[in-house]
Chemist: 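I'd like to ask you about the structure that follows.
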Amino acid sequence: MIRSLRYTLSFFLSAAVILVSGCSSSKRSVEEPVPTAEYTSLDPHSIVFEWQDAYEQKLKEFASSDSIRNGTGGSMFDLRDIDGDGTPELMISPDYGMSTLCEIYTFADGKLKELDTGESGGGGVFGYIPFKKLYNFVYSGDGFEIGKYCSLSDGVFKQEIAYFNNSRNAIATGTLLRYEINGETVGLTDYDKALSNYNSDYSLTLGRKYTFDNKTIDYALRYSESWGTVLAENGRKQYRNLLADYMDSAEKSAGFELCDLNGDNQPELILSEGDYEGAVCRIYTIENGLITVVCSGIGSNGTVFMDTESSIVYAYNAGKHVCWSFDEGELSDYKPSESYTELGRKHLLTPESITSALH
């Protein structure tokens, strides 16, 4: 079930937590609303970045190659600024097979460059710890795990620590437990201690955010990285204030993202409660210059999906699709297409990411 509400918040009212239930399309009038013109945003296509054409060429090249995999579990890609230089990196995930590596590309000095991950990792994804600028490449085999944490400098991943354990297999089969740090056998206490500095902060899983279809590629390249620029300052300020207010009581894994769900070239704000079971997303928009909650609870583990063909938002709950439309609210009869984008957790909810996304 989706918890939804349209409830207008005044410009001067903080909106940290709203508890509601049921679906409604009603709006409450607000006295002396701020003129809409002050919140007019630009067309995202009017914002041009140097990296866009190079990434589009690489995506089309991959899409026409023998490596492309279609359908459920097939090829996907991601865009995130993981080195903090203001330009997103491009990640291509051929599939989520156990041994599949995520290809990572950066754009510098007018050229596309593939980053060397050292032939490690798996699942077509990798972990990123924004707080420490560390990257985690893990291969999970049949009962064992081998991985490494790396830093990134001048386009090169540098190994900080490597680890191995067979705990899942040992517990299941009764074989001898093995823990290794940098190739040396250690006890469990020393193993946990060695990794504590690396896994104590929350990480994001990157690589599989967008499907390989023309409309989703266009959204990723021409829209997703532009919202902090095209949204007018008054709108950015309201979203910044809302996120800052919520941050005081939020889980450490809380996140957020901007995405246009109603086609007006002005992004909605998707706020993720966290990555734990039961965490939902709340969706806010700006109407007549004021923040409005349009959906106060949808999602699973703090994420939702957007059908790129229709902008319908959906999640999987108990093996079923739960769907929501910006204009119609909860939908009982809708089947998502194979064109989609994962939403909700592009940014962790931190002062730095709020400033970066809504500069």
Chemist: Any donor-acceptor pair under 3.5 Å linking the side-chain atoms of R345 with those of T303?
Modeler: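 Side chains of T303 and R345: no pair found under 3.5 Å.
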
Chemist: Using a 4.5 Å cut-off on heavy atoms from C-beta on, say whether the side chain of L79 contacts that of E225.
Modeler: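 Heavy-atom side-chain distance check passes, below 4.5 Å.
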
Chemist: Under the side-chain contact (heavy atoms from CB on, under 4.5 Å) criterion, do I270 and Y284 qualify, and how do the steps go?
Modeler: CA-CA 7 Å; I270 297 95; Y284 301 83; over 6 Å; no

Chemist: Is there a salt bridge (charged side-chain N to carboxylate O under 4.0 Å, His left out) between K209 and E257? Walk through the geometry before answering.
Modeler: CA-CA 12 Å; K209 183 175 178 63; E257 185 162 351; 2.7 Å; yes

Chemist: Give the minimum heavy-atom separation between S93 and G207, together with the two atoms involved.
Modeler: CB-O, 3.5 Å

Chemist: Can you tell me if S203 uses its side chain to pair, donor with acceptor, with the backbone of I129 under 3.5 Å?
Modeler: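 No, S203 side chain to I129 backbone: no donor-acceptor pair under 3.5 Å.
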
Chemist: Just wondering, are more than 12 heavy atoms of other shown residues or ligands nearer than 6.0 Å to CD in E342?
Modeler: yes

Chemist: Taking the side chain as C-beta and beyond, is there a heavy-atom pair between S224 and K346 under 4.5 Å?
Modeler: yes

Chemist: For a side-chain contact (heavy atoms from CB on, under 4.5 Å) check, start with the C-alpha distance between L90 and F77, then their side-chain angles and the critical distance, and finish with the verdict.
Modeler: CA-CA 7 Å; L90 170 65; F77 70 97; 4.0 Å; yes

Chemist: Do D81 side-chain atoms and G86 backbone N/O form a donor-acceptor pair below 3.5 Å?
Modeler: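 Yes; at least one donor-acceptor contact below 3.5 Å.
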
Chemist: Between the main-chain N or O of S339 and the side-chain N or O of S337, is there a donor-acceptor pair closer than 3.5 Å?
Modeler: yes

Chemist: Under the side chain to side chain contact (heavy atoms under 4.5 Å, CB included) rule, collect the residues that match up with S226, sequence neighbours excluded.
Modeler: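 Applying side chain to side chain contact (heavy atoms under 4.5 Å, CB included) to S226 gives P44, I47, F49, V230.
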
Chemist: C281 and G302: which non-hydrogen atoms are nearest, and at how many Å?
Modeler: SG-O, 3.3 Å

Chemist: Which pair of non-hydrogen atoms, one from T87 and one from D83, has the smallest distance, and what is that distance?
Modeler: O-OD1, 4.1 Å

Chemist: Would you say that T341 contacts T211 through its side chain, given a criterion of any heavy-atom pair below 4.5 Å between the two side chains?
Modeler: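 Of all side-chain heavy-atom pairs linking T211 with T341, none is under 4.5 Å.
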
Chemist: What's the separation between atom OH in Y198 and atom SG in C150, rounded to the nearest 0.5 Å?
Modeler: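 Interatomic distance, Y198 OH to C150 SG, rounded to 0.5 Å: 10.0 Å.
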
Chemist: Could you go through L59 and L221, starting from their C-alpha distance and side-chain angles, then the distance that decides it, and tell me whether this counts as side-chain contact (heavy atoms from CB on, under 4.5 Å)?
Modeler: CA-CA 10 Å; L59 289 170; L221 295 178; 4.2 Å; yes

Chemist: Establish whether L358 and V293 are linked, either directly or via other cluster members, by ILVMFWY side-chain heavy-atom contacts under 4.5 Å.
Modeler: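 The answer is yes; both residues are in one hydrophobic cluster.
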
Chemist: Among Y334, W324, F305, whose ring pair (Phe, Tyr, Trp, His ring centres under 6.0 Å) with Y314 holds?
Modeler: F305

Chemist: Tell me, please, which residues at least two apart from K60 pass side chain to side chain contact (heavy atoms under 4.5 Å, CB included).
Modeler: E56

Chemist: Can you tell me how far apart CD1 (I68) and OG (S75) are? Round to the nearest 0.5 Å.
Modeler: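 Result: 3.5 Å between the selected atoms.
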
Chemist: Applying side-chain contact (heavy atoms from CB on, under 4.5 Å) to I181 and L195, what does each step give before you reach the verdict?
Modeler: CA-CA 9 Å; I181 293 293; L195 292 179; 4.2 Å; yes

Chemist: Looking only at side-chain N and O atoms, does D218 offer a donor or acceptor that is under 3.5 Å from a partner on Y223?
Modeler: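 Distance-only check fails for Y223 and D218.
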
Chemist: Could you verify whether a donor N or O on one side chain and an acceptor N or O on the other, from D275 and Y202, lie under 3.5 Å apart?
Modeler: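 Yes.
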
Chemist: Cut-off 3.5 Å, side chains only: do T216 and D213 have a donor facing an acceptor?
Modeler: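 Yes - a donor-acceptor pair under 3.5 Å links their side chains.
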
Chemist: Whether the S151 and K158 side chains hold a donor-acceptor pair (N or O, under 3.5 Å, no angle test) is what I'd like checked.
Modeler: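 Checked: S151/K158 side chains show no N/O donor-acceptor pair below 3.5 Å.
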
Chemist: For H359 and T229, which heavy atoms make the closest approach, and how far apart are they?
Modeler: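 Closest pair (atom of H359, atom of T229, distance): CE1-OG1, 3.5 Å.
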
Chemist: Determine yes or no for a side-chain-to-main-chain donor-acceptor pair under 3.5 angstrom, with D95 supplying the side chain and G73 the backbone.
Modeler: no

Chemist: Could you see if M247 belongs to whatever hydrophobic cluster contains L271? Use Ile, Leu, Val, Met, Phe, Trp, Tyr and a side-chain cutoff under 4.5 Å.
Modeler: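 Yes; tracing contacts between hydrophobic side chains, which count when under 4.5 Å, links both residues.
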
Chemist: Taking C-beta and beyond as the side chain, do R80 and H347 meet within less than 4.5 Å on heavy atoms?
Modeler: no

Chemist: May I ask you to check whether N136 and Y163 show a side-chain donor-acceptor distance below 3.5 Å?
Modeler: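 Per modelled atom types, N136 and Y163 side chains form a pair under 3.5 Å.
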
Chemist: The criterion is side chain to side chain contact (heavy atoms under 4.5 Å, CB included); which residues satisfy it with E251, sequence neighbours excluded?
Modeler: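 So E251 forms a side chain to side chain contact (heavy atoms under 4.5 Å, CB included) with S253, Y276.
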
Chemist: Distance check, rounded to the nearest 0.5 Å: Y179 atom OH versus S167 atom OG?
Modeler: 4.5 Å

Chemist: Do NZ/NE/NH1/NH2 and the carboxylate oxygens of R282 and E273 come within less than 4.0 Å?
Modeler: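 Yes, this pair counts.
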
Chemist: Side chains of E145 and Y139, heavy atoms from C-beta outward: is any pair under 4.5 Å?
Modeler: no

Chemist: E268 and T285: side-chain hydrogen bond (donor to acceptor under 3.5 Å, both in side chains), yes or no, with the steps?
Modeler: CA-CA 5 Å; E268 277 62 57; T285 193; 2.6 Å; yes

Chemist: Regarding Y191 and N165, is there a side-chain donor-to-acceptor distance under 3.5 Å anywhere?
Modeler: yes

Chemist: Report the C-alpha separation of F62 and F212 in whole Å, then their side-chain angles, then the decisive distance to 0.1 Å, and conclude whether the ring-ring contact (aromatic ring centres under 6.0 Å, His included) test is met.
Modeler: CA-CA 9 Å; F62 184 88; F212 267 89; 5.2 Å; yes

Chemist: Looking at K148 and S120, what are the two nearest heavy atoms and their distance?
Modeler: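 Between these two residues, the closest heavy atoms are CE-OG, 2.8 Å.
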
Chemist: Salt bridge check: are E233 and R240 linked by an N-O gap of less than 4.0 Å?
Modeler: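 Answer for the salt bridge query: yes.
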
Chemist: Spell out, as yes or no, whether a donor-acceptor pair under 3.5 Å connects the side chain of N166 to the backbone of L177.
Modeler: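 Absent.
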
Chemist: Is there a donor in the side chain of T106 and an acceptor in the side chain of E89, or the other way round, less than 3.5 Å apart?
Modeler: yes

Chemist: If you count every heavy atom of other residues, nucleotides or ligands that lies below 6.0 Å from Q57 atom CD, does the total exceed 12?
Modeler: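 No, CD of Q57 has 12 or fewer neighbouring heavy atoms, counting only those of other groups under 6.0 Å.
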
Chemist: Would you find a donor on one side and an acceptor on the other, under 3.5 Å apart, between the side chain of D260 and the backbone of N262?
Modeler: yes

Chemist: Indicate yes or no: at least one non-hydrogen side-chain atom of L101 is less than 4.5 angstrom from one of F126.
Modeler: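 Side chain of L101 against side chain of F126, heavy atoms only: no contact under 4.5 Å found.
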
Chemist: Should S311 and F326 count as side-chain neighbours, where that means a heavy-atom distance under 4.5 Å?
Modeler: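 A side-chain contact under 4.5 Å is absent here.
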
Chemist: Given side-chain hydrogen bond (donor to acceptor under 3.5 Å, both in side chains), test Y105 with E103 step by step and report yes or no.
Modeler: CA-CA 7 Å; Y105 299 88; E103 303 173 14; 2.8 Å; yes

Chemist: Closest heavy-atom contact between M91 and C102?
Modeler: CB-SG, 3.8 Å

Chemist: With the threshold set at 4.0 Å, does a side-chain nitrogen-carboxylate oxygen contact exist between K111 and D109?
Modeler: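 D109 and K111: not salt-bridged.
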
Chemist: Taking the side chain from D78 and the backbone from L206, do they hold a donor-acceptor pair closer than 3.5 Å?
Modeler: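 Looks like no, no N/O pair under 3.5 Å.
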
Chemist: Donor-acceptor pair, distance only, cut-off 3.5 Å: does the side chain of S356 make one with the backbone of E352?
Modeler: no

Chemist: Let me confirm one number: the CG-CD distance from L243 to Q238, rounded to the nearest 0.5 Å.
Modeler: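 L243 atom CG to Q238 atom CD measures 12.0 Å (nearest 0.5 Å).
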
Chemist: Is the backbone N or O of G74 less than 3.5 Å from a side-chain atom of R208, with the two atoms forming a donor-acceptor pair by type?
Modeler: yes

Chemist: For the residue pair S200 and K132, confirm or rule out a side-chain donor-acceptor distance under 3.5 Å.
Modeler: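 Yes.
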
Chemist: With the side chain counted from C-beta on, respond yes when Y239 and I286 share a heavy-atom pair under 4.5 Å apart, and no when they do not.
Modeler: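 With C-beta onward as the side chain, the pair touches.
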
Chemist: Closer than 3.5 angstrom, by distance alone: can the side chain of Y135 be matched with the main-chain N or O of I82 as a donor-acceptor pair?
Modeler: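 Yes; judged by distance alone, with no hydrogens or angles, the pair exists.
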
